[in-house]
Amino acid sequence: MTRSRRNFLATGLALPVVASATRSEPEPQTPARPQSPVKAFASGPEFRYKVLGKTGLKVTTVGFGCMITSDGSVVERAADIGITYFDTARGYQSGNNERMVGAALKKKRKDIVLSSKTAGKTKTEALAHLDTSLKELGTDFLDIWYLHAKDKPADVTDDLIEAQQIAKKAGKIRFAGVSTHAGQKELIPFLAANRNIDVILTQYNFSMEPFMNEAIDQATKAGKGIVAMKVMAGGFRRPIPGNVVQEKLKREGAMLAALKWVLRNPNVHTTIPSMTDMDQLDDNLKACANPFSAADEKLLALQMDHIRPMYCRMCGECAGQCRQGLPVADVLRFLTYADGYGQFALGRERFLEMDTEHAAVRCGECPGCTVKCPYGVEVAQRLIRAQDLFAC
Ligand code: SF4
Ligand code: SF4
């Protein structure tokens, strides 16, 4: 049995989340903090709500990640039927996503929690981004403003923290957050101990290692709001003609099972699955009322086997192993945008943003790959595919 298989069974499925970390903690099926009663709709989904740590913001456990949504009517409908958390970023869709999200949520602004992010490297740049975000979103303030995609404590500079404090004092943001794709083992405890950070937006899904449950548990105890992204572990839901297993996964709802897996962790306050159309919205809403089941567990085991050669969980263990200096996890993430989410343009855009030296590397010309993935990702093959798809 491979290491990834062992880790998956031990942490993701066979053992309940969090209970494996601390025996005194409740089983995940029993929420650690009281939730407000289920809100019933006359003809629609039943939502559950949690309080986002010490922010006091009450949010639906299923939120909306707007990164790859182009159709504003999907966002608008989600708000109309009761989703209350919406997430975007200054950089999404080449800066166009905020405009679409703002227009879609205009009538609901006072009823929802709205977050955006900045990838600005300095206080000045970040604050300029914030002003643009507010203008594009058509709002006077953000509920949460994240420093975007920080993977180590050193990325969360005093300068950027100061930008968030200035924005808070000016009434442009209510709460400060940090988003992270990788490096959570070190970063989440760092953020949990940082009194200036109110909310942590982190990658979290059924492929994660046990330390993630412990880190999230500790951050929650420190009063941080926890928002989960990448909850479907790359998706990979598009039909592959003739692939019987993939067809079964799609037919039986592996993506819904993945979302339910995340929702059963009482320390995750909300989630931001991507949704591009009404069908995806309706599918995700089914997770609100249906608990994770033994059938879901089996389905996710199958899904894990299916995605293992493709899905990079950005653990960082292979960092520095490429003899040509490739940022392997980043390139694999760009490929996941295309192969997993069906967002070719996004993947290529990110690939071409890399420095020219890395964008020019061709793995096929490299004798023997030095990168070893303990989780079974076929690194060189995947990188060759990324280079074939995206490179100039
Ligand atoms: S390729 Fe494997 S080792 Fe490298 S970051 Fe991804 S999951 Fe981790
Ligand atoms: S095959 Fe690609 S990833 Fe592997 S060492 Fe060579 S350049 Fe790096």
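Just so you know, ligand 1 is whichever comes first in the structure, and atom 1 is the first atom listed for that ligand.
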Looking only at protein heavy atoms, which one is nearest to atom 2 (Fe) of ligand 2, and how far off is it? Cys363 SG, 2.3 Å

Taking only heavy atoms of Gly316, which atoms of ligand 1 are found under 4.0 Å from at least one of them? 5 (S), 8 (Fe)

Could you tell me whether Lys152 and Glu186 make a salt bridge, using a distance below 4.0 angstrom between a side-chain N and a carboxylate O? no

Flag for Glu98-Ser133: side-chain donor and acceptor within less than 3.5 Å: yes

Ser207 and Asn205: side chain donor to acceptor below 3.5 Å: yes

Could you tell me if Gln184 and Tyr204 have a donor-acceptor pair between their side chains, going purely by distance under 3.5 Å? no

If you have a sec, work out which protein heavy atom is nearest atom 1 (S) of ligand 1 and how many Å separate them, to one decimal? Leu332 CD1, 3.7 Å

Is ligand 2 under 4.0 Å from a heavy atom in the side chain of Val361, in the backbone, in both, or in neither? side chain

If I take every N, O or S atom of Cys369, is at least one of them less than 2.8 Å from atom 6 (Fe) of ligand 2? no

For atom 3 (S) of ligand 2, find the nearest protein heavy atom and state the residue, atom name and distance (0.1 Å precision). Leu383 CD1, 3.4 Å

Which protein heavy atom lies closest to atom 7 (S) of ligand 1, and at what distance to 0.1 Å? Arg313 N, 3.6 Å

Pairing of Asp296 and Arg264 as salt bridge, 4.0 angstrom limit: no

Check each of Arg174, Lys168, Lys224 against Asp198 using the side chain to side chain donor-acceptor pair (under 3.5 Å) test, and report the only one that passes. Lys168

Please state which option from Cys366, Gly325, Cys318 has its nearest heavy atom closest to atom 6 (Fe) of ligand 2. Cys366

How far is atom 8 (Fe) of ligand 2 from its nearest protein heavy atom, and which residue and atom is that? Cys322 SG, 2.3 Å

Answer side chain, backbone, both or neither: which part of Val371 comes under 4.0 Å from ligand 1, heavy atoms only. neither

Quick one: which ligand 1 atoms are inside 4.0 Å of a heavy atom on Pro374? 3 (S)

Looking only at side-chain N and O atoms, does Thr370 offer a donor or acceptor that is under 3.5 Å from a partner on Arg323? no

Salt bridge present between Asp217 and Lys221 (N-O < 4.0 angstrom): yes

Atom 5 (S) of ligand 2 sits nearest the protein heavy atom Thr370 OG1, 3.3 Å

